[in-house]
There are 2 protein chains.
Amino acid sequence: MTDKRHLTKTQQRNRGLIREAALEIFSQYGFRGATLDQIAEASGLSKPNLLYYFPSKEAIHEELLGGLLDLWLAPLRELNDEGDALAELLDYVSRKLQMSREHPRESRLFANEILQGAPRMGGTLDTDLKALVDDKAAIIRHWVEQGRIAPVDPYHLIFSIWALTQHYADFDVQVRAVLDGADPYPGAEAYLHDLFLRLLSPRG
Amino acid sequence: MTDKRHLTKTQQRNRGLIREAALEIFSQYGFRGATLDQIAEASGLSKPNLLYYFPSKEAIHEELLGGLLDLWLAPLRELNDEGDALAELLDYVSRKLQMSREHPRESRLFANEILQGAPRMGGTLDTDLKALVDDKAAIIRHWVEQGRIAPVDPYHLIFSIWALTQHYADFDVQVRAVLDGADPYPGAEAYLHDLFLRLLSPRG
DNA sequence: GTCTATACCTCGATAGAC
DNA sequence: GTCTATCGAGGTATAGAC
């Protein structure tokens, strides 16, 4: 039996190659659009060898999805109720945008999954995701009540941060078509900082 | 030869049934994830009968994509350079959000296509889309220069409107998981109106 | 651990009766 | 115009030699 705590060098290396290749292919073609041939090609391993390390195509996909929600929610998890309210939220936006820039494939893999109704993410959306968002929304509501930020709906605020940051990864081809291929991130950083600063600055 | 201008009642009806069913299935599963069996089932026609009306699976998909970009850009096209700047933009946001609410399947079909690199949309992004956005961005830049709205990057403003409105259709399952299944649109309408009002109101 | 060969199935598309 | 039956390609997974 292979024990996760006692993997040989080869095993670690090949499982890593497969994960990397699978991320590349699944994020571009979706689960059903991707084929084991493509993943084999991209990883440099043979197709039967893929199925030596993972029992099925589905298992490879699950391996990727497993850690994805955690990675995805990490920036939100860092939101600190004891920090400066406005700075905390602006930092969150910045971290989330950086996540899109550094992990566009993970963003697209996630988007593919959600777009199709999250058939392979099970109940993690209703449990883990919802619990964290409820927790952070309560913090934001508190900040509003204390007048530390302008009044906003905490849930729609969080949705808007997700939407605005992930858009640059998920709709990359559209963005670059409009911008003639230019890197959108410097402009996005400035625009989003400005947007949320104006939205959230307490007035009067 | 079938001439589009002389379709029988049956032809019109069945082609309509196929389009409706294909939209339902393609938007949920993507092009490769969808099967003709599913579309046949959903349309109430037999699989060979689908291929009597359309030469291939790809042709059905193209039929849907064909009009999609136009439908998609219609709200932006209405942006009128002679109207009141702030009201024009807020109305655009509202129209675009309504499009998400009324056409979530079209939104997801489009998102599926863009997410995977728009392999079947040809050059329409680089030509039609870019031309329209450049045109409207020039109008917005003009409004900024005249001081009729606060200074913003016109391109990122348009991206942000797309991202924020489409998010509610494309990431519906995630939004509803967080909101316990509640309808997000009333809250979204208020939040987005508020957001863009604060962002764009000229100050000083 | 890794390969070649292949079993087996799903799916798009066609043949041909009605 | 619509059906049943079926072909053939492509895809997941397995067998078995090395």
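Chain naming here is simple, since letters A, B, ... match the order of the sequence lines and numbering starts at 1 in each. Fair warning: this is a prediction, and the values are worked out from it, not measured in the lab. Hydrogens, waters and symmetry mates play no part in the numbers below; they use all other heavy atoms, side chains included.
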Distance, rounded to the nearest Å, where A:I39 contributes CD1 and D:dG11 contributes P = 12 Å
key: Among B:E63, B:E24, B:E62, the one residue meeting salt bridge (Lys or Arg N to Asp or Glu O under 4.0 Å) with B:R19   = B:E63
message = Tell me the interatomic distance from B:N49, atom CG, to C:dA15, atom C1', rounded to whole angstroms.
response = 15 Å
task = Answer with base, sugar-phosphate or nothing: what part of the nucleic acid does A:Y53 contact at a heavy-atom distance below 4.0 Å?
result = sugar-phosphate
ask   = Quick one: is C:dT2 close enough that its OP1 or OP2 comes under 4.0 Å of any side-chain N or O from A:T10?
value = no
message = When you measure from the centre of the six-membered ring of A:Y92, is the NZ or CZ of A:K136 closer than 6.0 Å and no more than 45° off the axis?
response = no
For a quick test of your reading: what N or O donor-acceptor pairs under 3.5 Å do the side chains of residues 112-121 of chain A make, sequence neighbours left out?
| residue | atom | partner | partner atom | Å |
| --- | --- | --- | --- | --- |
| A:N112 | ND2 | A:S27 | O | 3.4 |
| A:N112 | ND2 | A:R108 | O | 3.4 |
| A:E113 | OE2 | A:R120 | N | 2.7 |

request  = Compute whether any side-chain donor of one residue and acceptor of the other, for A:E20 and A:S43, lie under 3.5 angstrom apart.
outcome  = no
ask   = Just how far, in rounded Å, is C1' of D:dC3 from CG of B:L50?
value = 14 Å
message = Any side-chain N or O of B:Y52 below 4.0 angstrom from OP1/OP2 of D:dG1?
response = yes
message = Nearest whole Å is fine: how far is C:dG12 C1' from B:F26 CZ?
response = 11 Å
query = In whole Å, what is the span from the CG atom of B:L45 to the C1' atom of D:dG1?
reply = 11 Å
query = Quick one: ring-ring contact (aromatic ring centres under 6.0 Å, His included) partners of B:W143, sequence neighbours excluded?
reply = none
key: Salt-bridge present (B:D180, A:K130; N to O < 4.0 Å)   = yes
task = Scan nucleotides 12-18 of chain D nucleotide by nucleotide, 5' to 3', and note B when protein non-hydrogen atoms come under 4.0 Å of the base, S if they reach only the sugar-phosphate, - if neither.
result = BBB----
query = Just wondering, do A:I140 and A:L157 contact through their side chains at under 4.5 Å, heavy atoms?
reply = yes
Separation of D:dG10 P from A:Q38 CD (nearest whole Å) = 13 Å
task = Can you figure out which of D:dT2, D:dC3, C:dG1 approaches the side chain of B:S46 most closely?
result = D:dC3
Between P of D:dG1 and CD of B:Q12, the distance in whole Å = 11 Å
